[in-house]
Visitor: 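What follows is a structure written as structure tokens; I'll ask about it next.
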2 protein chains.
Amino acid sequence: MKTNLRKYRFENGELSQQQLADMIGVSRQTIVSIEKNDYSPSVKLALILAKKFNITVEQLFELEEGDIDETR
Amino acid sequence: MKTNLRKYRFENGELSQQQLADMIGVSRQTIVSIEKNDYSPSVKLALILAKKFNITVEQLFELEEGDIDETR
DNA sequence: ACAAAATGTCAAATATATTTTACATAATGA
DNA sequence: TCATTATGTAAAATATATTTGACATTTTGT
């Protein structure tokens with residue numbers, strides 16, 4: 001899975017990681033980890049992020065080859 | 001957050017929970033828990049489910065009042 | 001040049017997601 | 001009617017997501 005979080009964060013007034021974290025009520029470290037693709041966040045968080053940026057979850061996160069086999 | 005997983009599972013050839021679980025490589029209990037809205041699944045799993053049903057994640061899971069405040 | 005802000009990195013603690021196991025009940029099909 | 005399948009439920013074990021705390025480095029703005 002690929003994440004475009006940083007791309008949209010910059011496109012949205014060049015928010016800092018902390019500003020975005022504050023806006024949606026998570027820790028900065030969570031934003032850092034998502035941007036680094038450390039793990040797959042909850043779909044609830046993904047929906048909130050997508051809504052904040054006025055995009056779809058599919059634009060924010062992209063499945064990649066191999067994802068289907070391994071699943072989550 | 002609200003889940004429409006059961007709705008789409010039925011609309012997709014009336015798959016059983018086990019069949020769907022097998023198709024995407026998770027346990028049946030996971031499907032059960034998601035349908036019961038026990039917890040918010042990973043966005044990766046959500047993307048795979050949405051792709052399977054040819055819908056968007058937003059159709060599969062809906063944010064509700066209060067979600068934004070509490071976040072995840 | 002320098003202070004403040006932003007980002008990077010690490011890791012333990014904590015919370016949540018998922019699996020495994022198992023039994024109970026309901027639904028389905030012959 | 002009865003066997004099989006599907007679903008419901010529970011809970012412990014395991015895996016992963018997130019938070020907290022802290023320090024290091026880079027970037028930014030004056």
Side-chain angles (χ1 to χ4, degrees), chain A residues 1-53 56-72, chain B residues 1-53 56-72:
Chain A
M1 187 175 81
K2 174 175 179 297
T3 173
N4 300 311
L5 180 56
R6 178 163 288 201
K7 164 185 152 75
Y8 287 107
R9 178 164 67 80
F10 283 0
E11 284 176 21
N12 252 271
E14 308 221 351
L15 295 171
S16 73
Q17 295 177 330
Q18 188 61 59
Q19 284 174 323
L20 179 55
D22 290 339
M23 277 168 69
I24 64 173
V26 298
S27 67
R28 177 181 76 87
Q29 182 59 33
T30 298
I31 300 298
V32 171
S33 296
I34 296 173
E35 289 190 349
K36 282 168 61 184
N37 219 345
D38 280 350
Y39 54 69
S40 169
S42 71
V43 66
K44 187 176 175 184
L45 181 47
L47 281 167
I48 291 167
L49 282 167
K51 188 180 176 72
K52 216 70 190 173
F53 296 143
T56 63
V57 170
E58 280 83 357
Q59 287 174 284
L60 194 49
F61 297 100
E62 296 171 32
L63 287 177
E64 291 178 313
E65 287 300 314
D67 282 339
I68 308 283
D69 298 325
E70 299 169 39
T71 311
R72 302 135 294 164
Chain B
M1 188 175 79
K2 173 176 181 297
T3 173
N4 300 310
L5 180 56
R6 177 164 287 202
K7 164 185 152 75
Y8 288 106
R9 179 166 63 85
F10 282 359
E11 285 176 18
N12 252 271
E14 308 219 351
L15 294 172
S16 71
Q17 295 177 330
Q18 188 61 60
Q19 286 175 322
L20 178 57
D22 291 340
M23 278 168 69
I24 63 173
V26 298
S27 68
R28 177 182 75 87
Q29 181 62 34
T30 298
I31 300 297
V32 170
S33 296
I34 297 173
E35 289 190 349
K36 283 168 63 185
N37 217 347
D38 279 352
Y39 54 70
S40 169
S42 72
V43 66
K44 188 176 174 184
L45 181 48
L47 282 166
I48 290 167
L49 281 167
K51 188 180 176 69
K52 216 72 193 177
F53 295 144
T56 63
V57 170
E58 279 84 358
Q59 287 173 286
L60 195 49
F61 297 100
E62 296 171 33
L63 287 178
E64 292 178 312
E65 288 299 316
D67 281 342
I68 309 282
D69 299 324
E70 298 167 40
T71 313
R72 294 133 301 165

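Every chain is numbered from 1, with letters handed out A, B, ... down the list of sequences.
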Visitor: Would you indicate, yes or no, if dA5(C) has its OP1 or OP2 atom less than 4.0 angstrom from a side-chain nitrogen or oxygen of Ser16(A)?
Guide: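 No.
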
Visitor: Is any N or O donor-acceptor pair between the side chain of Arg28(B) and the base of dG8(D) shorter than 3.5 Å?
Guide: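 Checked by distance alone, the answer is yes.
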
Visitor: Strictly below 4.0 Å: does Ser33(B) bring a side-chain N or O up to OP1 or OP2 of dT18(C)?
Guide: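 For dT18(C), OP1/OP2 do not have a side-chain N/O of Ser33(B) under 4.0 Å.
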
Visitor: Whole angstroms only, please: what is the CD-C1' distance between Gln29(A) and dA17(D)?
Guide: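 So the CD-C1' distance, Gln29(A) to dA17(D), works out to 12 Å.
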
Visitor: Looking at Glu62(B) and Lys2(B), would you say the former's side chain and the latter's main chain have a donor-acceptor pair under 3.5 Å?
Guide: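 No: the side chain of Glu62(B) does not pair with the backbone of Lys2(B).
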
Visitor: What is the distance, rounded to the nearest whole Å, between atom CD of Glu35(B) and atom P of dA17(C)?
Guide: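 Rounded to whole Å, this separation is 17 Å.
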
Visitor: Shortest non-hydrogen contact from Gln17(B) to Glu35(B)?
Guide: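 Looking at all heavy atoms of both residues, the closest pair is NE2-OE1, 3.1 Å.
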
Visitor: Using a cut-off of 4.0 Å on non-hydrogen atoms, how would the nucleic acid contact of Ser27(A) be classed: base, sugar-phosphate, or nothing?
Guide: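 It contacts base atoms.
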
Visitor: If we ignore angles and hydrogens, is there a donor and acceptor under 3.5 Å between the side chains of Ser27(B) and Thr30(B)?
Guide: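 A pair is found: one side chain offers a donor N or O, the other an acceptor, under 3.5 Å apart.
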
Visitor: From CZ of Phe10(B) over to C1' of dT7(D), roughly how many Å is that when rounded to an integer?
Guide: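 So the CZ-C1' distance, Phe10(B) to dT7(D), works out to 9 Å.
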
Visitor: Under 4.0 Å from OP1 or OP2 of dG8(D): is there any side-chain N or O of Arg6(B) that close?
Guide: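 Arg6(B) to dG8(D) OP1/OP2: side-chain N or O found under 4.0 Å.
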
Visitor: Tell me: CG of Leu15(B) to P of dT28(C), nearest whole Å?
Guide: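 For the pair Leu15(B) CG and dT28(C) P, the rounded distance is 16 Å.
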
Visitor: Let me know the distance between OH of Tyr39(A) and C1' of dT14(D), rounded to the nearest Å.
Guide: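 Between C1' of dT14(D) and OH of Tyr39(A): 19 Å.
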
Visitor: Send over the distance from Ile34(A) CD1 to dG8(C) P, rounded to a whole Å.
Guide: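 To the nearest whole Å, that distance equals 14 Å.
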
Visitor: Measure CD/Gln18(B) against P/dT5(D) and give the value in whole Å, please.
Guide: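 Taking atom P of dT5(D) as the reference, CD of Gln18(B) is at 12 Å.
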
Visitor: Any donor-acceptor pair under 3.5 Å linking the side chain of Asn4(A) with the backbone of Phe61(A)?
Guide: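 Checking the backbone N and O of Phe61(A) against the side chain of Asn4(A), no donor-acceptor pair under 3.5 Å is found.
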
Visitor: Please report the distance, rounded to the nearest Å, between CD1 in Ile31(A) and P in dA5(C).
Guide: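 Going from CD1 in Ile31(A) over to P in dA5(C) covers 20 Å.
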
